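Here the structure is laid out as structure tokens; the discussion comes afterwards.
All residue numbers refer to positions in the sequence shown, counting from 1. Bear in mind that the values here come from a model prediction, so they are computed numbers and not experimental data.
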Amino acid sequence: MLVDGNDIANWAGDLSVKVGYVFQNPDLQILEDTVFDEVAYGLKCKKMTEGIIKKQVTDALTAMGLEDLVDAYPRALSFGQKRRLGVAAALALQPRTLILDEITNGQDEQEKEDMMAYLRKLNEERKLPSFLLHMI
């Protein structure tokens, strides 16, 4: 697989800057005990400041409609909420490319419409030729 023309098998840098991946099964992605900490996980690993973490997590949770669940236990969320949590965790890292594996699976019709509208808007805002919304 190539990212920006480079084979990722030999990648020496931080690939998460370029690519965010959301698993098909959200339970495989959950590591933390609160929604906030789950979304903040990657940012904390990158040693971002608390201010940046709070802003990027809040923005991502708001984008996915999860802002009222910051203290909730992620594994207790509905399947659809877990799917949106995975997207929020990827969005918080602000990658150039998002790979979303069956992202609307488990969402009701309104959630599907909201998710796709948000992703279309995000794609338009980025205006990057390499930005990809990929539905596997």
Side-chain angles (χ1 to χ4, degrees):
M1 177 180 269
L2 301 178
V3 174
D4 289 342
N6 298 303
D7 186 341
I8 64 168
N10 302 315
W11 196 273
D14 182 1
L15 192 57
S16 69
V17 170
K18 299 209 179 247
V19 180
Y21 180 77
V22 179
F23 289 67
Q24 180 179 10
N25 180 348
D27 289 314
L28 298 176
Q29 196 166 344
I30 295 172
L31 302 169
E32 295 291 334
D33 291 331
T34 69
V35 165
F36 184 93
D37 288 339
E38 182 64 30
V39 177
Y41 181 82
L43 297 168
K44 289 177 180 178
C45 288
K46 292 176 176 266
K47 300 186 187 318
M48 302 298 248
T49 67
E50 287 300 315
I52 290 172
I53 291 171
K54 184 172 182 174
K55 178 170 183 355
Q56 289 181 205
V57 168
T58 300
D59 289 350
L61 289 173
T62 299
M64 291 295 104
L66 298 171
E67 64 274 13
D68 294 336
L69 298 172
V70 292
D71 295 321
Y73 181 59
R75 296 199 182 276
L77 299 177
S78 71
F79 187 79
Q81 289 170 323
K82 289 177 189 177
R83 299 285 298 169
R84 289 184 282 138
L85 177 61
V87 175
L91 288 174
L93 292 167
Q94 300 180 340
R96 288 186 46 209
T97 301
L98 287 174
I99 300 174
L100 309 169
D101 192 350
E102 294 188 26
I103 197 60
T104 58
N105 183 29
Q107 306 284 321
D108 65 28
E109 285 305 311
Q110 186 61 55
E111 289 172 327
K112 286 179 187 179
E113 289 177 26
D114 291 347
M115 176 69 73
M116 295 312 297
Y118 175 77
L119 294 173
R120 278 191 294 278
K121 179 181 172 208
L122 181 64
N123 196 32
E124 290 167 8
E125 288 172 356
R126 298 247 177 135
K127 293 182 180 139
L128 295 171
S130 65
F131 187 72
L132 169 70
L133 293 178
H134 185 74
M135 306 293 283
I136 297 174

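- Between Arg84 and Met64 the shortest heavy-atom distance is NH1-O, 2.8 Å.
- Residues satisfying the salt bridge (charged side-chain N to carboxylate O under 4.0 Å, His left out) criterion with Asp114, sequence neighbours excluded, are absent altogether.
- For the residue pair Val87 and Ile103, the shortest heavy atom distance occurs at CG2-CD1, 3.1 Å.
- Put simply, the side chain of Gln81 gets close to the backbone of Ser78: a donor and an acceptor are under 3.5 Å apart.
- Annotation for Asp33 and Tyr73: closest pair O-CD1, 3.4 Å, computed over non-hydrogen atoms.
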Leu100/Tyr21 under side chain to side chain contact (heavy atoms under 4.5 Å, CB included): CA gap, chis, key distance, verdict: CA-CA 6 Å; Leu100 309 169; Tyr21 180 77; over 6 Å; no
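- In this structure, Arg83 has no salt bridge (charged side-chain N to carboxylate O under 4.0 Å, His left out) partners at least two apart in sequence or on a different chain.
- Within the 4.5 Å cutoff, no side-chain heavy atoms of Phe23 are placed close to those of Asp101.
- If you take NZ on Lys47 and OG1 on Thr49, they are separated by 13.5 Å, rounding to the nearest 0.5 Å.
- Environment of CZ in Phe36: crowded, with over 12 heavy atoms of neighbouring residues, nucleotides or ligands closer than 6.0 Å.
- A distance of 13.0 Å separates CE of Met115 from CD of Glu113, quoted to the nearest 0.5 Å.
- Remark: Leu91 CG to Leu98 CG distance equals 5.5 Å, nearest 0.5 Å.
- Gln107 and Thr104 share no side-chain donor-acceptor pair at under 3.5 Å.
- For the residue pair Asp37 / Thr34, a side-chain donor-acceptor distance below 3.5 Å is found, with atom types taken as modelled.
- The closest donor-acceptor contact from the side chain of Glu111 to the backbone of Asp108 lies under 3.5 Å.
- The shortest side-chain heavy-atom distance between Leu85 and Pro74 falls under the 4.5 Å cut-off.
- Electrostatic pairing of Lys55 and Asp59 counts as a salt bridge here, judged by a charged N lying under 4.0 Å from a carboxylate O.
- No path of Ile, Leu, Val, Met, Phe, Trp and Tyr side chains, each step under 4.5 Å between heavy atoms, connects Leu28 with Leu31, placing them in separate hydrophobic clusters.
- Between Tyr41 and Glu32 the shortest heavy-atom distance is CD1-OE2, 3.1 Å.
- A continuous path of ILVMFWY side-chain contacts below 4.5 Å connects Ile8 to Val19, so both sit in one hydrophobic cluster.
- Nearest heavy-atom pair across Gly42 and Leu93 is C-CD2, 3.7 Å.
- Cluster annotation: Ile52 and Val70 are assigned to the same hydrophobic cluster (Ile/Leu/Val/Met/Phe/Trp/Tyr, side-chain heavy-atom contacts under 4.5 Å, transitive).
- Partners of Lys54 according to the salt bridge (charged side-chain N to carboxylate O under 4.0 Å, His left out) rule, which considers only residues two or more places apart in sequence or in another chain, do not exist here.
- Atom NZ of Lys46 has more than 12 heavy atoms from other residues, nucleotides or ligands within 6.0 Å.
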As a quick check of understanding, evaluate side chain to side chain contact (heavy atoms under 4.5 Å, CB included) for Leu43 and Val57, giving each step before the final call. CA-CA 9 Å; Leu43 297 168; Val57 168; 3.9 Å; yes
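- When side chains are defined from C-beta on, Glu67 does not count as touching Thr58, because their heavy atoms never get closer than 4.5 Å.
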Assess the residue pair Leu69 and Leu77 against the criterion (side chain to side chain contact (heavy atoms under 4.5 Å, CB included)); give the C-alpha distance rounded to whole Å, side-chain angles, the decisive distance to 0.1 Å, and a yes or no. CA-CA 9 Å; Leu69 298 172; Leu77 299 177; 3.9 Å; yes
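- Taking each heavy atom of Glu38 and Ile30 in turn, the nearest pair found is OE2-CA, 3.5 Å.
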